[in-house]
Amino acid sequence: MVNKDKVEAAVKLLLEGMGEDVNREGLKETPARVARMYEELLSGMGASAKEHLSKTFEASDSQIVLERDITFYSICEHHLMPFFGKIHIAYIPDGQVVGISKLARTVEVYAARLQIQERLTAEIADAIMENLRPKGVMVLVSAEHMCMTMRGVKKPGSQTVTAASRGLFDEDESLKSLFWNMVK
């Protein structure tokens with residue numbers, strides 16, 4: 001999905017705009033390196049979580065399934081700077097469970113694109129509801145944004161926390177409370 005030729009041309013212009021000599025030894029290959037980097041970091045563009053969430057197993061008596069501390073890295077669409085942190089996903093199966101690695105793969109699909117944290121949180125919850133069809137899902141994302149750490153207010157360590165709940169987690173406060181206790 002990333003057009004490497006366009007990214008290379010843009011990086012070259014950016015370097016020139018910063019007053020750099022793009023023919024300097026250390027910068028000669030930088031546009032190509034940056035294009036390859038963005039191809040990797042934005043590999044979720046156009047990808048779908050459906051392939052990861054479609055392989056399920058029968059589990060008729062399951063309660064809450066929680067995958068905690070899924071590390072993620074993403075790129076903020078406002079400043080093109082990284083944000084990163086942990087994601088916790090809980091769901092209540094309705095007869096089917098998914099392999100636990102598939103939840104982490106779902107995170108990767110949505111984190112590997114230009115993002116904002118609020119949308120990332122909602123997209124993960126919606127994908128699980130749509131593809132796995134559980135009784136409910138809850139997603140908690142805690143992240144540090146480099147646009148707040150390195151520039152602007154310069155507050156390293158600040159955490160932005162977002163949550164999305166669907167299904168039974170919206171309807172049952174005791175389930176939501178159980179989730180919060182489980183992720184502590």
Side-chain angles (χ1 to χ4, degrees), residues 1-56 67-89 98-132 137 139-162 164:
M1 191 105 183
V2 170
N3 182 321
K4 290 198 293 190
D5 291 336
K6 284 187 175 186
V7 173
E8 284 186 43
V11 171
K12 186 175 179 181
L13 283 173
L14 179 65
L15 290 169
E16 290 171 347
M18 291 187 278
E20 282 287 354
D21 174 6
V22 295
N23 295 311
R24 184 166 59 83
E25 183 181 347
L27 293 178
K28 282 182 185 177
E29 296 179 31
T30 296
R33 281 192 294 268
V34 171
R36 287 191 307 271
M37 175 194 69
Y38 276 115
E39 184 176 47
E40 178 183 342
L41 294 178
L42 301 177
S43 62
M45 304 284 285
S48 170
K50 183 176 185 172
E51 69 177 278
H52 303 298
L53 295 171
S54 63
K55 176 71 173 156
T56 60
E67 185 68 20
R68 286 178 32 157
D69 298 321
I70 302 168
T71 300
F72 79 95
Y73 303 90
S74 193
I75 304 290
C76 169
E77 67 184 32
H78 297 146
H79 298 99
L80 298 182
M81 293 189 77
F83 68 98
F84 58 92
K86 302 283 186 184
I87 296 180
H88 314 288
I89 301 171
V98 68
I100 55 175
S101 70
K102 304 309 183 199
L103 297 176
R105 296 233 185 258
T106 298
V107 168
E108 288 177 358
V109 164
Y110 294 105
R113 48 181 75 175
L114 294 178
Q115 267 298 6
I116 61 171
Q117 183 173 331
E118 298 85 346
R119 185 173 60 236
L120 172 65
T121 308
E123 285 178 337
I124 293 167
D126 292 340
I128 292 169
M129 284 301 287
E130 179 181 325
N131 293 289
L132 192 53
V137 66
V139 177
L140 176 68
V141 179
S142 180
E144 182 170 348
H145 293 250
M146 297 308 289
C147 59
M148 283 189 54
T149 297
M150 293 178 64
R151 57 157 302 280
V153 296
K154 296 182 180 155
K155 298 297 180 208
S158 298
Q159 294 287 305
T160 301
V161 179
T162 53

CE/M37: more than 12 non-hydrogen atoms of other groups inside 6.0 Å: yes
Side chain to side chain contact (heavy atoms under 4.5 Å, CB included) involving L14 - partner list, sequence neighbours excluded: M18
Of all residues at least two apart in sequence or in a different chain, which pass the salt bridge (charged side-chain N to carboxylate O under 4.0 Å, His left out) check with R36? none
State the CE-CE distance between M81 and M150, to the nearest 0.5 angstrom. 4.5 Å
So I89 and V107, do their side chains get closer than 4.5 Å, heavy atoms only? yes
How about CD1 on I100, more than 12 heavy atoms from neighbouring residues, nucleotides or ligands closer than 6.0 Å, or not? no
Positive for side chain to side chain donor-acceptor pair (under 3.5 Å) with H145, one of Q117, K155, H79: Q117
Nearest heavy atoms of K28 and N23, plus distance in Å: CE-O, 3.0 Å
Quick one: do L42 and M1 satisfy side-chain contact (heavy atoms from CB on, under 4.5 Å)? Show the steps, please. CA-CA 8 Å; L42 301 177; M1 191 105 183; over 6 Å; no
If I take atom CD from residue Q115 and atom CE from residue M45, how far apart are they, to the nearest 0.5 angstrom? 9.5 Å
Kindly indicate, with the supporting measurements, whether the criterion side-chain contact (heavy atoms from CB on, under 4.5 Å) is fulfilled by L80 and L114. CA-CA 8 Å; L80 298 182; L114 294 178; 3.6 Å; yes
Apply salt bridge (charged side-chain N to carboxylate O under 4.0 Å, His left out) to E20 and list each qualifying residue two or more places apart in sequence or on a separate chain. R24
With I87 as partner, the option from L120, D69, T71 fulfilling side chain to side chain contact (heavy atoms under 4.5 Å, CB included) is L120
Value rounded to 0.5 Å, distance of CG in L103 from CZ in R105: 11.5 Å
Rounded to the nearest 0.5 angstrom, the CZ-CD distance for R113 and E108 is 12.5 Å
Q159 meets the side chain to side chain donor-acceptor pair (under 3.5 Å) criterion, sequence neighbours left out, with S142
Between G157 and T149, which heavy-atom pair has the shortest distance, and what is it? N-OG1, 4.4 Å
Distance-minimising heavy-atom pair for V11 and P31: CG1-CA, 3.7 Å
List the residues meeting ring-ring contact (aromatic ring centres under 6.0 Å, His included) with Y38, not counting sequence neighbours, and say none if there are none. none
On a heavy-atom basis, which atom in E123 and which in Y110 lie closest, and how many Å separate them? OE1-CD2, 3.3 Å
Listed partners of T160 passing side chain to side chain donor-acceptor pair (under 3.5 Å), at least two apart: none
Taking C-beta and beyond as the side chain, do L13 and E16 meet within less than 4.5 Å on heavy atoms? yes
Ignoring hydrogens, what is the shortest heavy-atom contact between F72 and F83? Give both atom names and the distance. CE1-CE1, 3.6 Å
Walk me through it: do L15 and K12 pass the test side-chain contact (heavy atoms from CB on, under 4.5 Å)? CA-CA 5 Å; L15 290 169; K12 186 175 179 181; 5.8 Å; no
Got L140 and V161 here, is their nearest side-chain heavy-atom distance under 4.5 Å? yes
For a side-chain contact (heavy atoms from CB on, under 4.5 Å) check, start with the C-alpha distance between L53 and I128, then their side-chain angles and the critical distance, and finish with the verdict. CA-CA 7 Å; L53 295 171; I128 292 169; 4.2 Å; yes
To the nearest 0.5 Å, atom OG1 of T106 lies from atom NE2 of H52 at 6.5 Å
Locate the shortest heavy-atom distance separating A111 from S74; write the atom from each residue and the value. O-OG, 2.7 Å
Rounded to the nearest 0.5 Å, what separation is found between the CD1 atom of I116 and the CD1 atom of I75? 15.0 Å
